[in-house]
*Asks:* 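Questions regarding the structure given below will be posed in turn.
In what follows, every heavy atom counts, from backbone to side chain, and hydrogens, waters and symmetry copies are set aside. Keep in mind that what you see is a predicted model, and the values were worked out from it rather than measured.
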Amino acid sequence: MRQRHWNKPKLRNSLLSRYVLIIAIAFLFIPVAVPAGLILSFTVNYYFFPEHQIEQPVRYNSGDLEEMWHKEAKQLGGYKSPEEIDAKLREIKDKYPQASLFWVDSAERTRLQLPKQSDLPARWSTENTIQFMKTVSNTNTFGVVAFIGDKTARGEGFMVLKISREYLKQGREFENRFYGLFLLALLSIFLLLSYLFFRNIRKRLLNLESGMMRTNKDGLPIRVDEGRADEIGSLEKAFNHMVGKLEEGKRREQEEEKLRKNLINNLSHDLRTPLTVLSGHIYALDKQPLPEEAHESVQLMKTKISDLDHLIDHLLSYNLLTSGRYAMSAKAQDILRIVRVSAAAWYPIWEKAELTIDIDLPDEPLIWEVDEQAFRRILDNLFQNLYRYASSGKYVGIATVQRYERTALLIADHGPGFNADTPSKGAGLGLAIVDLLMKQMKLVLEIDTSDTGTRIYIYPANLS
């Protein structure tokens, strides 16, 4: 039979490619998310919170201030007059009104202060100069000290610029106020994509599992909905293909079963008529004065016709049982009474075969839920098998015993056992019918057989 091979999913539809894409996004998350968060944060603050930028705009850059201050100090070198230095400082003060400026001349005297600063000494000693240099910049203030002429050795003095650090940071808090929020949003998007990816895989696997567990009226799995053409989609397609093959096989099986039952039913009825005619002629022939050998042949024909009649009866019964058309009505009954009646009918046959009959049944009733006709049919089939195949043991025993905490009916013989080859061994239809009847009445049949005999136990499936 040619096997069907499913095509592998395309790379763009593969679960592997999508998972690699998510991993790539994860690796690119930090270098992309940081500038993206800054841009989004700046854009939102710029367009949605302009009032903050008007009130506290970004004015100065510390590096630019330091570069400007050293440049101006260098240009004031060459022994400029104090008036020229004062004019330059006033010009710088007008440009940077938030800054505090002053300068110290070559004689170490404090000159122009913009604005007036009470903590400055009138004359500078080496000690307080060094101390001032160490504290000119702190947490709240940014300070720059530059030597006039930009050379210490020339001794032209020095000039100082101080400004509050809040003017260097003005507006940054507002620009970055949403930075963490945007980073969190980008991280949430990444986590959401990962969750949706694996949730979709889990959902489709659970749907496939559900399709495998659920069955239709014929006991076959139910088809599943096929998703996108990835690895799971290929699995879903293969599962549906398997279900289709099972449905096709079930349909063929049902058609063959129906054909077989019709064939058995038609053959059974068609064979009844010639068997009836043959039985009539053999009966008439048996009444005639015949030689001993001819009389034995007639008796053999009568036995074989009887066997064939029983076989046809078994076929009809088996056909009815397997198609569910065998009428049965189980109710509480004393099965020991049914056993005694059935055994009484077989008693003359067993005696004629010279069997030792050992029937040991208690007087108390044994109540089981059974259909009387069906149970008698079970006993008749078992007694018939015993007579036909185990009569060489010259023994039949019927009793009740305890088995698995239940009272069981025991039918025993001393024959060669079920596994022995005998010329009259049949196809086993009788035992198949017994098994079907037992299941419908919820009874258990156990057979313990060997070459020294067979023991058959019958008891209810549930404790009573």
*Asks:* Closest heavy-atom contact between A461 and V444?
*Replies:*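 Taking every non-hydrogen atom into account, CA-CG2, 3.7 Å.
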*Asks:* So, taking the atom named CE in M242 and the one named CZ in R223, what distance separates them when rounded to the nearest 0.5 Å?
*Replies:*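 Atom-to-atom, M242:CE and R223:CZ are 10.0 Å apart.
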*Asks:* To check you understand the geometry: which heavy-atom pair defines the closest contact between S342 and D380, and what is its length?
*Replies:*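 Heavy atoms only, the tightest pair is OG-OD1, 3.1 Å.
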*Asks:* For the residue pair L386 and A412, what are the closest heavy atoms and their distance?
*Replies:*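 So the two residues come closest at CD1-O, 3.8 Å.
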*Asks:* Has the side chain of D334 got a donor or acceptor atom that lies under 3.5 Å from a matching backbone atom of L366?
*Replies:*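 Side chain of D334 to backbone of L366: a pair is present.
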*Asks:* Is there side-chain contact between T454 and I411, with heavy atoms separated by less than 4.5 Å?
*Replies:*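 T454 vs I411: side chains apart.
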*Asks:* Heavy atoms only: give me the nearest F375-V339 pair and the separation to one decimal.
*Replies:*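 The pair with the smallest heavy-atom distance is CE2-CG2, 4.1 Å.
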*Asks:* Any chance you could measure I222, atom CD1, to N240, atom CG, to the nearest 0.5 Å?
*Replies:*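 So the CD1 of I222 and the CG of N240 are separated by 11.5 Å.
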*Asks:* Quick check for you: to the nearest 0.5 Å, what is the distance between I367 atom CD1 and R337 atom CZ?
*Replies:*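 Atom-to-atom, I367:CD1 and R337:CZ are 9.5 Å apart.
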*Asks:* Give me the atom names and distance for the closest heavy-atom approach of A408 to R403.
*Replies:*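 In terms of heavy atoms, the two residues are closest at CB-CB, 4.1 Å.
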*Asks:* Rounded to the nearest 0.5 Å, what separates atom CD1 in I338 from atom CH2 in W368?
*Replies:*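 CH2 of W368 is found 10.0 Å from CD1 of I338.
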*Asks:* What I'd like to find out is whether the side chain of D371 reaches to under 4.5 Å of the side chain of Q440, using heavy atoms alone.
*Replies:*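 A side-chain contact under 4.5 Å is absent here.
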*Asks:* Please test R252 against E248 for salt bridge (charged side-chain N to carboxylate O under 4.0 Å, His left out), starting from the C-alpha separation and ending with a verdict.
*Replies:* CA-CA 6 Å; R252 287 200 303 266; E248 182 180 353; 3.0 Å; yes
*Asks:* If you apply the rule side chain to side chain contact (heavy atoms under 4.5 Å, CB included), what do you find for M438 with I458, and how did you get there?
*Replies:* CA-CA 9 Å; M438 297 280 286; I458 301 174; 3.6 Å; yes
*Asks:* Would you indicate whether E446, at its atom CD, is surrounded by more than 12 heavy atoms from other residues, nucleotides or ligands within a distance under 6.0 Å?
*Replies:*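 Yes.
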*Asks:* Test side chain to side chain contact (heavy atoms under 4.5 Å, CB included) on F383 and W350; report intermediate values, then the result.
*Replies:* CA-CA 9 Å; F383 292 158; W350 292 335; 3.6 Å; yes
*Asks:* Which is it for V243 and F239 under the side chain to side chain contact (heavy atoms under 4.5 Å, CB included) test, yes or no, and what are the steps along the way?
*Replies:* CA-CA 6 Å; V243 173; F239 176 76; 3.8 Å; yes
*Asks:* How long is the straight-line distance from CD of E364 back to OG1 of T400, given to the nearest 0.5 Å?
*Replies:*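 So the gap between those two atoms works out to 9.0 Å.
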*Asks:* Can you tell me how far the CD1 atom of I335 sits from the CG atom of L443, to the nearest 0.5 Å?
*Replies:*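 The CD1 atom of I335 sits 9.0 Å away from the CG atom of L443.
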*Asks:* Answer whether the closest heavy-atom distance between the side chains of R376 and E372 falls below 4.5 Å.
*Replies:*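 Yes - at least one pair of side-chain heavy atoms lies under 4.5 Å apart.
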*Asks:* Determine, stepwise, if the pair L379 / W346 fulfils side chain to side chain contact (heavy atoms under 4.5 Å, CB included).
*Replies:* CA-CA 10 Å; L379 294 174; W346 281 89; over 6 Å; no
*Asks:* Give the minimum heavy-atom separation between R455 and L410, together with the two atoms involved.
*Replies:*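 Closest pair (atom of R455, atom of L410, distance): NH2-CD2, 3.2 Å.
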*Asks:* Indicate every side-chain donor-acceptor pair of residues 352-362 with a distance under 3.5 Å to a residue at least two apart or in another chain.
*Replies:*
{"from": "T356", "atom 1": "OG1", "to": "K394", "atom 2": "O", "distance (Å)": "3.4"}
{"from": "D358", "atom 1": "OD2", "to": "Y395", "atom 2": "OH", "distance (Å)": "3.2"}

